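To keep things clear, I will list the structure first and then write my remarks on it.
Side chains included, hydrogens not; waters and symmetry mates left out as well; all remaining heavy atoms used. Source: prediction; values computed, not measured.
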Number of protein chains: 2
Amino acid sequence: MENEGRGLHMKVLESLGPAIAAGAYPAGTVLRTDELEERFEVSRTVVREAVRVLESMQLVESRRRVGVTVRPAERWNVFDPYVIRWRLAGADRPRQLRSLTELRSAIEPAAAALAARFATPAQCAALTEHALGMVSTSRGRQLAAYLVHDIAFHRQILTASGNEMFARLGDVVAEVLSGRTHHHVMFPDPDPPAVTLHVRVAEAIREGDAVAAERLTREITVGAMAELEVLAPESGQPAGRG
Amino acid sequence: MENEGRGLHMKVLESLGPAIAAGAYPAGTVLRTDELEERFEVSRTVVREAVRVLESMQLVESRRRVGVTVRPAERWNVFDPYVIRWRLAGADRPRQLRSLTELRSAIEPAAAALAARFATPAQCAALTEHALGMVSTSRGRQLAAYLVHDIAFHRQILTASGNEMFARLGDVVAEVLSGRTHHHVMFPDPDPPAVTLHVRVAEAIREGDAVAAERLTREITVGAMAELEVLAPESGQPAGRG
DNA sequence: CCAAACCTATAGGTAGTACTTAATCAAGCC
DNA sequence: GGCTTGATTAAGTACTACCTATAGGTTTGG
């Protein structure tokens with residue numbers, strides 16, 4: 001993510017947004033504009049622009065005679081990249097990570113199936129290239145290089161699906177994958193079986209085998225779910241039956 | 001959707017947003033602030049607030065000395081509810097509808113599986129209620145009442161999944177379902193097999209059978225995909241191999 | 001006890017002004 | 001001739017002051 005600090009309203013946004021997303025202001029909290037003006041030492045114009053953006057993310061609601069009210073988390077636009085990043089950076093990172101992994105598990109197999117039908121030869125080539133890149137960097141503690149290929153691989157599948165909504169999840173997947181790598185930093189090389197799966201997915205897509213592509217991709221994502229289960233076992237879920 | 005016209009900047013937004021989303025302004029088009037000021041007969045403040053929101057949706061980019069530039073569609077936040085609605089209302093409604101249906105097909109089965117594990121008794125009860133409501137309204141041209149139950153049913157599954165991102169897709173699913181009903185308005189009653197599927201999904205979730213819940217829900221969504229295929233056969237996809 | 005009128009806090013909106021950045025282009029240097 | 005450097009200047013950015021509109025609260029009257 002490259003966009004930082006462009007414009008004063010961004011400064012306010014990058015400060016208020018994460019705070020709200022982290023739950024620092026419980027739902028119902030009211031923030032008056034002149035208070036924010038003072039707090040951030042900016043003019044009303046700037047505050048209002050920031051508030052408008054937060055409002056479009058459904059993080060807050062601005063009403064006359066009341067102020068800027070923080071909305072309950074259920075209303076937030078949890079698909080907004082900013083909101084995702086802010087939540088990922090804040091208190092409920094585990095829950096957000098689980099949600100995103102569940103999302104991946106749902107989307108990526110479907111995307112792979114579509115990619116098997118619609119991927120262009122160029123896209124197939126790129127996919128294979130990244131899969132082979134993963135293989136060649138999977139040994140000898142080249143985690144950084146491995147990660148690059150891993151991200152590119154998954155992003156390529158999402159793009160090749162031809163579904164622009166799937167494609168837009170590339171950034172999210174990238175963030176999850178890189179977050180995972182950076183989390184248990186001093187880890188050994190990735191599992192060989194997982195690497196092999198990627199190669200086989202690339203093959204299936206190249207051959208136009210949607211069923212195989214979907215099944216193999218699902219194997220990858222259940223692996224990701226299992227991995228998550230180790231880090232945050234059964235947490236973040238509502239209190240249902242077990 | 002209830003929020004209309006609140007604030008002058010909304011007026012601008014509700015006019016510019018759909019236009020951009022419909023492709024009226026090709027990527028790279030520049031809109032100057034003072035031009036917009038004049039066009040909408042509002043002050044700079046208002047224009048800038050609207051632009052800030054469009055910017056947060058990645059529909060436009062505001063740069064000094066250049067103006068407000070329309071971004072290519074690949075950059076748009078296609079998960080933003082406003083963007084979804086605007087695209088659904090505009091020229092590429094078919095493509096958007098296909099994307100959303102593919103999204104549903106990926107998410108809803110996964111959500112049903114999670115719901116089978118985590119749904120509370122109250123949620124199971126509500127689910128069954130709506131399934132039965134669908135049954136009882138599936139005959140005698142009560143499409144409106146049927147639609148209400150249908151939407152509530154799918155929304156309930158997404159909510160009961162315990163994944164807040166899935167839950168937020170409830171609005172989208174609602175829009176797709178109601179759009180479908182209102183499209184071929186003078187239609188006969190819904191297919192009995194489809195209705196039965198919903199009842200069986202409710203049962204599977206109540207019994208905590210994640211596998212069955214997922215499989216049955218997938219049957220529903222492939223039905224939706226098939227239905228879409230009739231209305232917009234193979235359109236909106238990139239030119240890959242067949 | 002309830003309803004209608006009033007009060008006022010707070011966001012909404014406009015206008016004018018000054019600052020800042022960066023695209024452009026021309027002059028000058030290598 | 002081509003590249004660097006600097007001036008020009010067009011556009012967004014930001015601040016201020018002032019006014020308006022609305023809606024939550026309070027008072028008042030029935």
Side-chain angles (χ1 to χ4, degrees), chain A residues 2-17 19-20 25-72 75-77 82, chain B residues 2-17 19-20 25-72 75-77 82:
Chain A
E2 71 297 335
N3 49 7
E4 297 301 333
R6 292 203 10 155
L8 257 189
H9 77 110
M10 273 297 185
K11 193 185 102 183
V12 178
L13 211 55
E14 300 269 358
S15 174
L16 257 187
I20 295 174
Y25 304 95
T29 305
V30 292
L31 311 159
R32 266 169 305 108
T33 44
D34 52 344
E35 169 203 331
L36 296 174
E37 249 178 271
E38 186 180 342
R39 170 130 70 98
F40 293 101
E41 297 177 316
V42 294
S43 70
R44 224 156 54 87
T45 316
V46 171
V47 170
R48 289 184 53 186
E49 285 171 16
V51 167
R52 283 282 118 82
V53 174
L54 291 173
E55 202 172 30
S56 87
M57 297 169 177
Q58 305 290 320
L59 292 189
V60 303
E61 181 186 8
S62 178
R63 288 173 61 194
R64 272 178 169 146
R65 173 64 210 230
V66 178
V68 178
T69 314
V70 176
R71 290 194 143 162
R75 302 286 304 268
W76 298 351
N77 272 1
Y82 278 104
Chain B
E2 73 294 339
N3 48 7
E4 298 300 336
R6 291 202 11 160
L8 255 190
H9 76 110
M10 274 296 185
K11 194 185 99 184
V12 178
L13 211 53
E14 301 268 357
S15 173
L16 257 186
I20 295 174
Y25 303 96
T29 306
V30 292
L31 310 159
R32 264 170 306 106
T33 305
D34 52 344
E35 169 204 330
L36 296 173
E37 248 178 273
E38 186 179 343
R39 170 131 70 98
F40 293 102
E41 297 177 319
V42 294
S43 69
R44 262 222 305 290
T45 314
V46 170
V47 170
R48 291 190 52 191
E49 284 172 14
V51 167
R52 284 281 117 85
V53 174
L54 291 173
E55 202 172 29
S56 87
M57 296 169 177
Q58 305 290 319
L59 291 188
V60 303
E61 182 187 9
S62 179
R63 286 175 61 197
R64 274 182 167 143
R65 176 66 211 231
V66 177
V68 178
T69 313
V70 176
R71 290 193 144 163
R75 303 286 305 267
W76 298 351
N77 272 0
Y82 278 104

Give me the atom names and distance for the closest heavy-atom approach of [X] to [Y].
X	Y	value
B:Trp76	B:Ile20	CH2-O, 3.4 Å
B:Thr45	A:Arg48	CG2-NH1, 4.2 Å
A:Ser56	B:Ser56	OG-OG, 3.3 Å

Starting from the 5' end of DNA chain C, give me the residue, B:His9 or A:Arg65, whose nearest nucleotide shows up first. A:Arg65
For B:Thr69, enumerate each residue passing the side chain to side chain contact (heavy atoms under 4.5 Å, CB included) test, keeping only those at least two apart in sequence or located in another chain. B:Val30, B:Val66
Listed partners of A:Ser62 passing side chain to side chain contact (heavy atoms under 4.5 Å, CB included), at least two apart: A:Val51, A:Arg52, A:Glu55, A:Val68
Which whole-number value in Å describes the distance from [X] [atom1] to [N] [atom2]?
X	N	atom1	atom2	value
B:Glu41	C:dG12	CD	C1'	18 Å
B:Arg63	C:dT24	CZ	C1'	13 Å
B:Arg6	C:dG12	CZ	P	8 Å
B:Lys11	C:dG12	NZ	P	16 Å

Pick the nucleotide of DNA chain D nearest each of A:Arg64 and A:Val42; which residue has the one closer to the 5' end? A:Val42
Under the side-chain hydrogen bond (donor to acceptor under 3.5 Å, both in side chains) test, residues paired with A:Arg44 that sit two or more places apart: none
Supply the atom-to-atom distance B:Tyr82 OH to A:Asn77 CG, rounded to the nearest 0.5 angstrom. 9.0 Å
Non-neighbouring partners of A:Arg32 that pass salt bridge (Lys or Arg N to Asp or Glu O under 4.0 Å), sequence neighbours left out: A:Asp34
Nucleotides bounding contact with chain B, strand DNA chain D, heavy-atom threshold 4.0 Å: D:dT9 to D:dA14
Identify, residue by residue, the members of residues 43-51 of chain B with a heavy atom below 4.0 Å from DNA chain C, and return them in order of residue number, or none. B:Ser43, B:Arg44, B:Thr45, B:Val46
